[in-house]
Amino acid sequence: MKAEVIQQNMSAPPRHTWTFLNTLPGRESLARRGSWCTFGMTTARLDYVAPWWTYWLHHFPHFDFSFKAVDSTFRPEQENYQQSVLVLACVGVLGLSLSVLLLSLFLLCFCCCPRDVDQESKRPQRTRCATWSAVAAALVICSAVGVGFYGNSETNDGVYQLTYSISNADRTLGSINNLSAGSLGTAETGVKQHLERLDEIFAARPDFLRALTFMELMVNNVIRELSALPDLSKSNVDLGAAADQASFVEYYRWLTYLLLLILDLLICLAACLGTARQSRWLLVTIMAFVALSLILSWTSLGASLATAVGTSDFCVSPDKFIVNQTKDFLSADVAHYYLFCSSNLPNPFQQSLTTCQRSLTTMQIQVQGLLQFSVPVFPTAERDLLGIQRLLNTSEFNLHQLTALLDCRGLHKDYLDALMGVCYDGVEGLLYLALFSLLAACSLSAMLCLIFRAWTLTAGRDKEYDDIDEEDPFNPEPRRLSYNGRRSNVHSFCSYASSGGSQASIHPPPLVAASVLPAPEYMNQSMLFGGRPQYENVPLIGRGSPPPSYSPGMRSTYLTLTEAQIRHFGTDFQV
């Protein structure tokens, strides 16, 4: 009778299996949330459309090195597609060559065109024009730098979202592999070892042996279904390593663009300062840095454009590319289940998970029956039966976790987040960086010409000042006058007491030197305003002009003459 009860329990799976599953805490709320998430994720997936700029970039002409048209489908493993991306990167080289050509034409025209005398008289106006033009170019560069900061931030946000989603998906897939491998190992080693020992214990009872045989059949069902799950370790791509590598490259890309933006800002400030002060050495230094930034800007344009076009080719049809890449270890229905996560698509693992769950539940019932009827007869079998029960409980717990992880909602959400990051923020940021590079390159080319023009005008002005006659009494550059020996012997016979010392220390000039000096020497601005202190405030003696008005103290100081001065100048100014 006992054997018949056990055999009846083994013949059909228990009807209360799903009742037990449905009465789990939070099962109803979880089901409602799952249906809402399924609807929400399906709606989100249906609402996801690649942005318009990805379609625009996707339709860029693709040519290989022999200038043959190449299909714009994202195929990074094919050589002709790689060549088409490199050709797009060469746009920066083409722009740099064009800039060098225009600069060469500018220098050629500037050096070969004759200079008219009338044009030389307009040098101040030309200097101001070159200065304000350089300032305008600097303002354009500052605006481009603002665009570059925004694009750099957007690209960094997009790549961060991509790497974060890839890391989450990698942890999910790793957990699936660990749970599947753990449950499979438990069924193959732990449960079977206990069953082998029970076979020896129950050798004298055929009814108990039939129960063990049925349990072995259930264990084989679990092993078969768990082995049928896709082995993601067969993929040649390590998602965790790929995410780390992308983060590493993105950090240095962000830092490089940040340094380039700061360099352009410093160039703008230095250009405004150099053109305002008209410093030749500063202008030469600025031209060197402008040339360096010009090369970097064109290089940045080519790299940003090629990356944006390649990423857009992927964003237009990402599902097709992923299905082709995973066809070696994932079936098409499994790939579509995770890529689309639609309620219309059946779960490809549902049957396997249901079979495993029913098999484990049936084994639990058999173990309970054996503990009830066999332990009083065979006490030594209790240890193995309790061991099987613990392994079955662990396997059921792992199976519940595995069922939740194999659901499409989690991985599909990571997939959508990665697409949103790379196709929206990432490509948009690359477009802004390309715009920054283009504006900066054009403005830097114009600034290089303007700074060179300002440098030549500054050099011409210095040459004119070098040609000024030192004997000109109205020379506006007193710093350039060099006093000769004859003029160095001229001393003022009156000065301030604070600057020339006491009156007793003032020596009258020699009569010969004073007699041969021309009268206009007293009007030299270097002596009146820029010379040594003892030449300041010299009366206009011998010029036929009335003396200036002095205070009584000043007159007593200035007009106290020695006998030699009285003999030379007379008594007109004697107090």
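This one's a predicted model, so the numbers in the text were calculated from it and none came from an experiment.
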Legend entry - Residues S84, L88; criterion side-chain contact (heavy atoms from CB on, under 4.5 Å); working and verdict: CA-CA 6 Å; S84 66; L88 290 173; 6.0 Å; no

Inset, instruction - Verify disulfide bond (SG atoms under 2.5 Å apart) between C315 and C423, making sure each step is shown before the conclusion. - result: CA-CA 6 Å; C315 293; C423 297; 2.0 Å; yes

Legend entry - Test log, rule ring pair (Phe, Tyr, Trp, His ring centres under 6.0 Å), inputs Y252 and F248: CA-CA 7 Å; Y252 284 100; F248 178 79; 4.9 Å; yes

Legend entry - Criterion side-chain contact (heavy atoms from CB on, under 4.5 Å) on N347 and L406, from CA distance to verdict: CA-CA 9 Å; N347 188 345; L406 285 175; 5.7 Å; no

Inset, instruction - I would like to know whether D333 and L345 meet side-chain contact (heavy atoms from CB on, under 4.5 Å); could you show each step before the answer? - result: CA-CA 9 Å; D333 56 344; L345 295 176; over 6 Å; no

Inset, instruction - Start with the C-alpha distance between D319 and Y415, add both sets of side-chain angles, then the distance that settles side-chain hydrogen bond (donor to acceptor under 3.5 Å, both in side chains), and finish with yes or no. - result: CA-CA 10 Å; D319 303 329; Y415 174 65; 2.5 Å; yes

Inset, instruction - Before giving the answer on side-chain contact (heavy atoms from CB on, under 4.5 Å), spell out for L386 and L371 the whole-Å C-alpha distance, their side-chain angles and the decisive distance to 0.1 Å. - result: CA-CA 8 Å; L386 291 177; L371 284 173; 4.1 Å; yes

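Of the possible donor and acceptor atoms, one in the side chain of T54 sits under 3.5 Å from a partner among the backbone N and O of P51. In this structure a side-chain-to-backbone donor-acceptor pair under 3.5 Å is present from T155 to L430. Counting only distance, with no hydrogens or angles, the side chain of S180 and the backbone of I176 share no donor-acceptor pair below 3.5 Å. In this structure, Q389 contributes its side chain and V367 its backbone to no donor-acceptor pair below 3.5 Å. Here the side chain of N324 pairs a donor or acceptor atom with the backbone of K320 at under 3.5 angstrom. A donor-acceptor contact shorter than 3.5 Å is absent between the side chain of N156 and the backbone of N152. Under the 3.5 Å distance criterion, the side-chain polar atoms of S153 are left unmatched by any main-chain donor or acceptor of Y150. For the pair S143 (side chain) and L139 (backbone), a donor-acceptor distance under 3.5 Å is present. For N178 (side chain) and G174 (main-chain N/O), a donor-acceptor pair under 3.5 Å exists by modelled atom type.
Within a 6.0 Å sphere centred on OH of Y164, other residues, nucleotides and ligands contribute 12 heavy atoms or fewer. For F378, the CZ atom sits in a packed shell: over 12 heavy atoms of surrounding residues, nucleotides or ligands are nearer than 6.0 Å. Other residues, nucleotides and ligands place no more than 12 heavy atoms under 6.0 Å from the CD atom of E79. Counting heavy atoms of neighbouring residues, nucleotides and ligands inside a 6.0 Å radius, atom CD of Q245 does not exceed 12 of them. For F314, the CZ atom is densely surrounded, since the number of other residues' heavy atoms within 6.0 Å is greater than 12. Within 6.0 Å of CZ in R383 there are 12 or fewer heavy atoms belonging to other residues, nucleotides or ligands. Shown here is F397, whose CZ atom has no more than 12 heavy atoms of other residues, nucleotides or ligands within 6.0 Å.
Looking at heavy atoms from C-beta onward, N221 lies in side-chain contact with M218 at the 4.5 angstrom threshold. Contact check for M420 versus Q161: side-chain heavy atoms found under the 4.5 Å cut-off. By the 4.5 Å heavy-atom criterion applied to side chains, L226 and C356 are counted as neighbours. Counting heavy atoms from C-beta on, the side chains of H62 and D313 come closer than 4.5 Å. With a 4.5 Å cut-off on side-chain heavy atoms, S183 and V222 do not count as touching. No side-chain heavy atom of Q325 sits under 4.5 Å from any side-chain heavy atom of L330. In this structure, D264 and L444 have side chains that are in contact, with non-hydrogen atoms separated by less than 4.5 Å. Contact annotation: the side chain of C341 approaches that of R409 to within less than 4.5 Å [non-hydrogen atoms, C-beta and beyond].
Closest non-hydrogen pair, L103 versus S445, comes out as CD2-O, 3.7 Å. Between A243 and T163, the shortest heavy-atom contact is O-CG2, 3.7 Å. Contact between L265 and F149 at its shortest, heavy atoms only, is CD1-CE1, 4.3 Å. Among all heavy-atom pairs drawn from Y81 and S72, the shortest one is CE1-O, 4.2 Å. Taking each heavy atom of F321 and P76 in turn, the nearest pair found is CE1-CD, 3.8 Å. In terms of heavy-atom proximity, V159 sits nearest to A246 at CG1-O, 4.3 Å.
In summary, E200 and R197 do not engage in a salt bridge, as defined by a charged side-chain N under 4.0 Å from a carboxylate O.
In this structure, a donor-acceptor pair under 3.5 Å is present between the side chains of S300 and Y257. Side chains of N393 and Q364: a donor on one and an acceptor on the other come within 3.5 Å. Donor-acceptor pairing under 3.5 Å is lacking for the side chains of W298 and S437. The closest side-chain donor-acceptor pair between N80 and R75, if any, does not fall under 3.5 angstrom.
Rounding to the nearest 0.5 Å gives a distance of 6.5 Å between OG of S317 and NE2 of H58. The line from NE2 of H412 to OG of S342 is 9.0 Å long, rounded to the nearest 0.5 Å. The structure places OG of S304 at 11.0 Å from CG of L438, a figure rounded to the nearest 0.5 Å. Separating the CG atom in L198 from the CG atom in L385 is a distance of 5.0 Å, to the nearest 0.5 Å. Between atom OG1 of residue T213 and atom CG of residue D199 there is a gap of 6.5 Å, rounded to the nearest 0.5 Å. Taking CG from L391 and OG1 from T189, the interatomic distance works out to 8.0 Å, rounded to the nearest 0.5 Å.
W56 and F60 have perpendicular rings, their planes meeting at more than 60° on a 0 to 90° scale where under 30° would count as parallel. Between Y338 and F349, the ring planes lie tilted relative to each other; the angle falls in the 30° to 60° range.
Judged by the 6.0 Å distance and 45° axis criteria, R205 is positioned over the aromatic ring of F208.
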